[in-house]
Protein chains: 2
Amino acid sequence: MIILSKLADYGVIVATHLALAPDRQENAATVAAATRLPLATVAKLLKALAHAGVVSATRGAAGGYRLARPAAAISIAEVVAAIDGDIGLTQCSVHVDECAHTTYCPTRPHWAAINRAVGQALQAVTLDDMISPYAFLPPAAVQPAAELSR
Amino acid sequence: MIILSKLADYGVIVATHLALAPDRQENAATVAAATRLPLATVAKLLKALAHAGVVSATRGAAGGYRLARPAAAISIAEVVAAIDGDIGLTQCSVHVDECAHTTYCPTRPHWAAINRAVGQALQAVTLDDMISPYAFLPPAAVQPAAELSR
DNA sequence: CCCAATTCGTACCAATCCGGTACGCAATAG
DNA sequence: CTATTGCGTACCGGATTGGTACGAATTGGG
């Protein structure tokens, strides 16, 4: 299974690209060319990111986008949430009331804890971490999950 | 966004139900009634779980399913993987070679680390944890993601 | 030895969701 | 005033997914 949607994946790429040159103001076409993604899709992504306050947009001729905050203050979780909505493991986590099984489903309370762990993993990484090419190898988190690659 | 597919969610519910009575052998119809899920879907899930070695099936009359191992030895990650396939954040993580952007995409190496952190969160929880109603607040599983920030 | 119950495997259908596109409006610079 | 660029909405085709159906294989009981 793939956790992130393609769009969210692209969103991170676009945001990372902007983080590379925080001072420059780039329009959608430029970003699209640099990331080799379809222009229309990039425009859509940037709009969503702007709406969430991750990037700021200036309209009109010679307009464009730039990061709204320093790259170190923007987490991956935020970027993903801007595009795909709130992060939740199960239907229950996101739309609590729509689950008719709530009363007798014994697993529900446990999801919250797992949820937090996943959210934290995404929140712990910032755009700044993404642009530093090699410095990011957390030894504590890397090893134990080896068995999962089955 | 919702990370787990509905089917995977159901799968965990079914597996949890079996964990409640590890000795009894239950057929698909019984499980479906107990979990209030569609019979056909439950049958499909049990088949997938059996294929992955999570539950063992005995065929023929008076056949049925039961856990293949003690509940404490089966992680949520395993159950999910049995139904939805391998867990990966991005397309890149799962189908590495199909990503044409590999060479110049600067974010790729970083996903692996996040990936592992998420996998760990799912692997730290066993079916046994799921059936113990209140005792589940694993400080060990929730915290470590913080270390990810290098 | 035969029949009934039950899982197994495969194939199939329907619907929702998602990636991607198009078009018109609003705003800003020159 | 005009050209450029972002904004918003609406739309479409396709892939994925949730769900169903049916026949084959297997086992226990009469």
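Under the salt bridge (charged side-chain N to carboxylate O under 4.0 Å, His left out) criterion, A/R24 pairs with no residue at all, not counting sequence neighbours. Under the side-chain hydrogen bond (donor to acceptor under 3.5 Å, both in side chains) criterion, B/S75 pairs with no residue at all, not counting sequence neighbours. For B/T126, the side-chain hydrogen bond (donor to acceptor under 3.5 Å, both in side chains) partners at least two apart in sequence or on another chain are B/D129. Not counting sequence neighbours, the partners of B/T58 by the side-chain hydrogen bond (donor to acceptor under 3.5 Å, both in side chains) test are B/Q25. The side-chain hydrogen bond (donor to acceptor under 3.5 Å, both in side chains) search around B/E26 returns B/H17, not counting sequence neighbours. For A/N27, the side chain to side chain contact (heavy atoms under 4.5 Å, CB included) test picks out A/A29, A/T30, with sequence neighbours left out.
Side-chain contact between A/L46 and A/L18: present, with at least one pair of heavy atoms (C-beta onward) separated by less than 4.5 Å.
D/dT17 atom P lies 13 Å from atom CD1 of B/I83, rounded to whole Å.
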What does the B/S/- profile of nucleotides 5-11 of chain D look like, 5' to 3', with a 4.0 Å heavy-atom cutoff to protein? BBS-B--

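Where the helix from C/dC1-D/dG30 to C/dG30-D/dC1 starts and where it ends, the local axes point in directions that differ by 10°; five pairs per end, rounded to 10°.
Note on residues 38-48 of chain B: no pairs pass side chain to side chain donor-acceptor pair (under 3.5 Å), not counting sequence neighbours. For residues 48-69 of chain A, the pairs satisfying salt bridge (charged side-chain N to carboxylate O under 4.0 Å, His left out) are A/R69-A/E78, with sequence neighbours left out.
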Could you tabulate the donor-acceptor pairs under 3.5 Å formed by side-chain atoms of residues 50-57 of chain B, not counting sequence neighbours?
none

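Boundaries of the chain B contact region on DNA chain C are C/dA5 to C/dT10, first to last in 5' to 3' order (nucleotide atom under 4.0 Å from a heavy atom).
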